[in-house]
Amino acid sequence: MIVILHPDLDENSEAFKQAWDFLTNRPNIQIKKHIVKGQHQKLTELYLIGDTKQLNQEVIEGLSAVDRVVRISDACHILGRHKDDQRVVGFDYNGIHFDQDNLHIFAGLCAVDNREHVEIMMRLLKENGQSCTRMGAYKPRTNPYSFQGHGKACLPYVFELAGKYDIKIVAMEITHESHIDEINECLEQTGNPTGVMLQVGTRNTQNFELLKAIGRQSEFPVLLKRGFGITLNESLNAAEYLASEGNSNVIFCLRGMKTSFASPHRNMVDFTHVPVIKRLTRMPVCIDPSHSVGSREASPDGILDVFHATAQGVIAGANMILADFHPAPSKALVDGPQALRIEELPYFLEDIQIAREAYEKRCRLVSRTT
Ligand code: PEP
Ligand code: MN
């Protein structure tokens, strides 16, 4: 059960104390307090866990501090959508708004290799009107002898160049909670020229201690990749770990499922789940066509499989695209074979626009016919 208090209610007020005392005195009920800071108001949500069947909803709604009560039926208390749920969808970060209706593109390097390539990529993004990117610093690799990413050594030039080219958000995976401090320190040292979205990679979707550590901070939003070999519900529970610790600024990323049936693609593309996640949760949905497809193969129509997969996600309503680009794919230290070439960026953006317009047209059609 979620008890939503009146906006901007002071925790020292009599009304708050009365509601808190009433709820904490219910037997076999635990309370988790969750603060949602919006642009215009602060909301306090109380998540009641345990034997909630015994609770009388009308009595709780009668408390003067309480705005409304939502009964929940599934595991995703915070991020899920529930009956009569009017909680907001989406969040703002560093001047950029994310929700389930808009679309942002994060094109960039799978792994940062050198300053020159970062600069070429960021300049190109600016020239093409983009304000977000991906830049991998900490890379989880299958083989311990493969390049592991430059880690904190590359952060100063990545952040400085992001500032120089007006990039507002850099998405980067972290594999250990100490990386949050490294990112924070470097942002401070460089004068906060940009923002960071923390990425949880598919190998870490169920690394619960990492999820809890990332959830305990609410400075950076989180891009959670779906686990490559677990059920959708298990991945949604992983997202809820972030929220239950306090950070509900979470975007859920589809990146394909690992199965030999996916061959010749690297993973089985799962973008038909875009609308499913929107229906089940309030998270914006990202697609990663690069790690799904894993190659630069094209079909006889001349269109690369990565472009086809992207269009399939966008026409289904995706809200974010994470895509690998590289100025010299043959020299890339990680995932060169799937990287798009920088000269393909304008064409990629235009192709996305076509799919997005088709999606918007489909929405107008359904609103006319229902
Ligand atoms: C990545 O995006 O760089 C990455 C490693 O992705 P995934 O965790 O989906 O394999
Ligand atoms: Mn990669």
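One-based numbering, in listed order, for ligands and for the atoms of each. For this chain, numbers begin at 1 and follow the sequence in order. No hydrogens, no waters, no symmetry mates; every other heavy atom, side chains included, goes into these values.
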- [ ] Could you check which N/O/S atom of Asp335 is closest to the Mn ion (ligand 2)?
- [x] OD2
TODO: For atom 8 (O) of ligand 1, find the nearest protein heavy atom and state the residue, atom name and distance (0.1 Å precision).
DONE: Thr202 N, 2.7 Å
- [ ] Just go through Glu173, Met172, Gln199 and tell me whose heavy atom is the nearest to atom 2 (O) of ligand 1.
- [x] Gln199
TODO: Within a distance under 4.0 Å of any heavy atom of Lys139, pick out the atoms of ligand 1 and give their elements.
DONE: 1 (C), 3 (O)
- [ ] State the atoms of ligand 1, each with its element, that fall below the 4.0 Å cut-off from a heavy-atom position in Arg203.
- [x] 10 (O)
Open item on the list: Pairing donors with acceptors under 3.5 angstrom, does anything connect the side chains of Glu14 and Gln18?
Closed with: no
Task: Numbered atoms and elements of ligand 1 in range of Gly201, under 4.0 angstrom, heavy atoms - done: 8 (O)
Open item on the list: Looking at ligand 1, would Cys110 count as a contact under a 4.0 Å heavy-atom criterion?
Closed with: yes
Open item on the list: Quick check with a 6.0 Å cut-off and a 45 degree axis cone: is Lys32 positioned over the face of Tyr47's six-membered ring?
Closed with: no
Task: Nearest-neighbour protein heavy atom for atom 6 (O) of ligand 1, which is reported as residue plus atom name and distance - done: Lys225 NZ, 2.9 Å
Open item on the list: Quick one about Asp113 and His326 (side-chain donor to acceptor, distance below 3.5 Å, no hydrogens or angles considered), yes or no?
Closed with: yes
Task: Residues Arg71 and Asp85 bridged, charged N to O under 4.0 Å - done: no
- [ ] Could you tell me whether the side chains of Gln100 and Arg279 share a donor-acceptor contact shorter than 3.5 Å?
- [x] no
Open item on the list: Under 2.8 Å from the Mn ion (ligand 2) - does any N, O or S atom of Asp324 fall there?
Closed with: no
Task: Option nearest atom 4 (C) of ligand 1 (shortest heavy-atom distance, choices Arg255, His291, Arg226) - done: His291
Open item on the list: Side chains of Tyr241 and Gln206 only: does a donor on one sit below 3.5 Å from an acceptor on the other?
Closed with: no
- [ ] Would you confirm whether the ring centroid of Phe98 sits within less than 6.0 angstrom of the ring centroid of Tyr93?
- [x] no
